[in-house]
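In what follows, a single structure is set out as structure tokens and then discussed.
As the structure is a computational prediction, the values presented were derived from the model and not from experiment. All values below were derived from every heavy atom in this structure, side-chain atoms included, with hydrogens, water molecules and symmetry-related copies excluded.
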Amino acid sequence: MRKIIIGGIIIIVAVGGYVFIKDRQIKKELSTVQESQEVKGSAEKNTRETASSITLSKTNGTWSVSQTGEYTIDPKSLKFTFTGYKPGGEHTGTFNSIKSEIGLDKDGVPVSANMVIDIASVKTDSEAVDKHLQTVDFFDVANNPNITVNIKSIQIENETSAKAITDITMKGVTKTISMPIAFARAANGTKFMIDTRVNIADFGIAYGPVLNEVRVTAEGVIMKK
């Protein structure tokens with residue numbers, strides 16, 4: 001780096017370079033993950049039968065659970081977050097109003113799932129961001145109040161991982177992606193974890209320097225009643 005007489009300017013240049021490198025690394029990582037999500041052709045249908053049905057409802061930030069069959073989900077274990085990236089920073093949030101239903105086979109393995117998200121219930125680390133996300137720059141809540149997620153099939157790969165073929169509808173546009181699901185043993189059952197990326201540009205959302213890819217995570221513990 002070329003020396004500059006004013007020390008403060010040196011610091012600014014160094015920080016600017018760090019931000020640029022960090023943003024470039026994030027873009028590379030997100031783009032790589034997004035490429036692996038693309039679904040080509042028709043997805044295979046589930047051959048496993050649904051033996052248990054679990055209904056999840058999040059109201060004012062609190063989860064409640066009801067079920068039919070042998071399995072349920074610990075409401076205290078449920079988490080759903082998203083992270084959006086901008087030059088030199090990020091915002092992490094969730095939604096305080098969600099309805100979802102999960103189907104499981106006789107062994108407690110997920111077969112299908114769906115989710116309806118009330119966008120107006122968005123809650124991030126910034127009230128200004130919450131309001132902005134509801135405008136036409138992003139979700140346009142006035143005309144598109146919900147995001148829907150429909151897992152059409154879950155393809156088990158081994159005891160610890162699966163692939164979920166998923167339709168996501170956002171801002172009136174539906175796209176199909178492949179989401180990874182990881183499984184792990186928990187003290188009271190089986191923990192499922194989703195850590196994926198969604199390209200909001202595919203849904204007609206593009207705002208200034210904000211990166212197109214958003215990280216989405218979800219987890220919970222499946223257990224016997």
Side-chain angles (χ1 to χ4, degrees), residues 33-34 37 39 43 45-46 48 50 52-69 71-84 92-105 108-124 130 133-134 138-141 143-155 162-183 190-200 202-205 213-223:
V33 173
Q34 186 66 28
Q37 288 182 326
V39 176
K45 298 289 185 180
N46 275 319
R48 294 172 291 134
T50 300
S52 297
S53 179
I54 304 173
T55 300
L56 311 175
S57 181
K58 189 179 185 185
T59 306
N60 297 324
T62 301
W63 287 99
S64 61
V65 179
S66 62
Q67 72 287 316
T68 60
Y71 293 92
T72 187
I73 288 180
D74 178 5
K76 295 180 181 179
S77 71
L78 287 168
K79 295 180 182 179
F80 179 81
T81 64
F82 66 88
T83 303
T92 296
T94 187
F95 295 91
N96 284 331
S97 180
I98 299 173
K99 292 184 178 180
S100 180
E101 186 169 333
I102 299 175
L104 301 99
D105 67 12
V109 178
V111 173
S112 62
N114 62 68
M115 179 183 292
V116 179
I117 300 169
D118 178 3
I119 300 172
S121 71
V122 65
K123 180 64 176 177
T124 69
D130 297 348
L133 288 175
Q134 298 179 53
F138 290 95
F139 297 117
D140 189 13
V141 172
N143 295 303
N144 302 279
N146 299 319
I147 296 172
T148 62
V149 180
N150 179 28
I151 296 180
K152 300 185 295 183
S153 68
I154 297 178
Q155 302 165 2
K163 184 182 297 182
I165 307 303
T166 308
D167 281 349
I168 298 177
T169 301
M170 189 187 308
K171 210 171 183 179
V173 178
T174 300
K175 295 290 182 180
T176 302
I177 68 169
S178 172
M179 294 194 306
I181 305 177
F183 299 101
T190 300
K191 183 176 183 179
F192 67 87
M193 297 161 287
I194 295 173
D195 188 343
T196 191
R197 308 300 195 265
V198 175
N199 189 335
I200 57 176
D202 289 343
F203 301 89
I205 302 174
E213 286 85 4
V214 174
R215 182 182 184 184
V216 178
T217 65
E219 62 181 64
V221 175
I222 300 168
M223 58 187 185

Are Asn114 and Thr148 close enough that some pair of their side-chain heavy atoms sits under 4.5 Å apart? no

Nearest atoms (heavy-atom pairs only) where Asp167 meets Lys152: OD2-CD, 3.4 Å

Working to the nearest 0.5 angstrom, can you tell me the gap between Ser100 OG and Ile73 CD1? 7.5 Å

Indicate the atoms forming the closest heavy-atom contact of Ala164 with Ile151, along with that distance. CB-CG2, 3.8 Å

Can you find a pair of side-chain heavy atoms, one from Thr166 and one from Val149, that are under 4.5 Å apart? yes

Between Thr81 and Thr94, is there a side-chain donor-acceptor contact under 3.5 Å, judged purely by atom types and distance? no

Between the CG atom in Asp202 and the CD atom in Glu213, the distance rounded to the nearest 0.5 Å is 8.5 Å

Distance (rounded to the nearest 0.5 Å) between Ile54 CD1 and Ile222 CD1: 6.0 Å

Which distance, rounded to the nearest 0.5 Å, do you find between the CE of Met170 and the CG of Asp140? 13.0 Å

Indicate yes or no for a side-chain donor-acceptor contact from Asp105 to the backbone of Val109 under 3.5 Å, with no hydrogens or angles considered. yes

Taking the side chain as every heavy atom from C-beta outward, state whether Phe203 and Ile168 have any pair of such atoms under 4.5 Å apart. yes

Do Ser121 and Lys58 have a side chain donor and acceptor closer than 3.5 Å? no

Contacts of Phe82 that satisfy ring-ring contact (aromatic ring centres under 6.0 Å, His included) - sequence neighbours left out: Phe95

Report yes if some heavy atom in the side chain of Lys175 is under 4.5 Å from a heavy atom in the side chain of Val198; otherwise report no. no

Test Leu56 against Ile98 for side chain to side chain contact (heavy atoms under 4.5 Å, CB included), laying out the working first. CA-CA 8 Å; Leu56 311 175; Ile98 299 173; over 6 Å; no

Any side-chain heavy atom of Phe139 within less than 4.5 Å of one from Asn144? no

Side chain to side chain, Ile117 and Phe80, heavy atoms closer than 4.5 Å: yes

Shortest non-hydrogen contact between Leu133 and Phe138, atoms and distance: O-CB, 3.3 Å

I want to check something: taking the side chain as every heavy atom from C-beta on, are Met179 and Val216 in contact at a cut-off of under 4.5 Å? no

Report yes if some heavy atom in the side chain of Thr217 is under 4.5 Å from a heavy atom in the side chain of Lys79; otherwise report no. no

Salt bridge (Lys or Arg N to Asp or Glu O under 4.0 Å) with Lys171: which residues, sequence neighbours excluded? none

Under the side-chain hydrogen bond (donor to acceptor under 3.5 Å, both in side chains) test against Thr169, which residue among Thr174, Asn150, Asn146 passes? Thr174

Side chain to side chain contact (heavy atoms under 4.5 Å, CB included) between Ile154 and Arg48, worked out: CA-CA 10 Å; Ile154 297 178; Arg48 294 172 291 134; 3.9 Å; yes

Taking salt bridge (Lys or Arg N to Asp or Glu O under 4.0 Å) as the definition, give me every residue that meets it alongside Asp118, ordered by chain and number, with sequence neighbours left out. none

From Thr55 OG1 over to Gln67 CD, what is the distance, rounded to the nearest 0.5 angstrom? 8.5 Å

Heavy-atom closest pair (Ser57 atom, Lys99 atom, distance to 0.1 Å) is OG-CG, 4.3 Å

Considering all heavy atoms of both residues, which atom of Gly220 and which atom of Leu78 are nearest to each other, and what is their separation? CA-CD2, 4.2 Å

Closest approach of Gln134 and Ala120, non-hydrogen atoms and distance? OE1-CA, 3.7 Å

When rounded to the nearest 0.5 angstrom, what is the spacing between CD1 in Ile177 and CG in Asn199? 9.5 Å

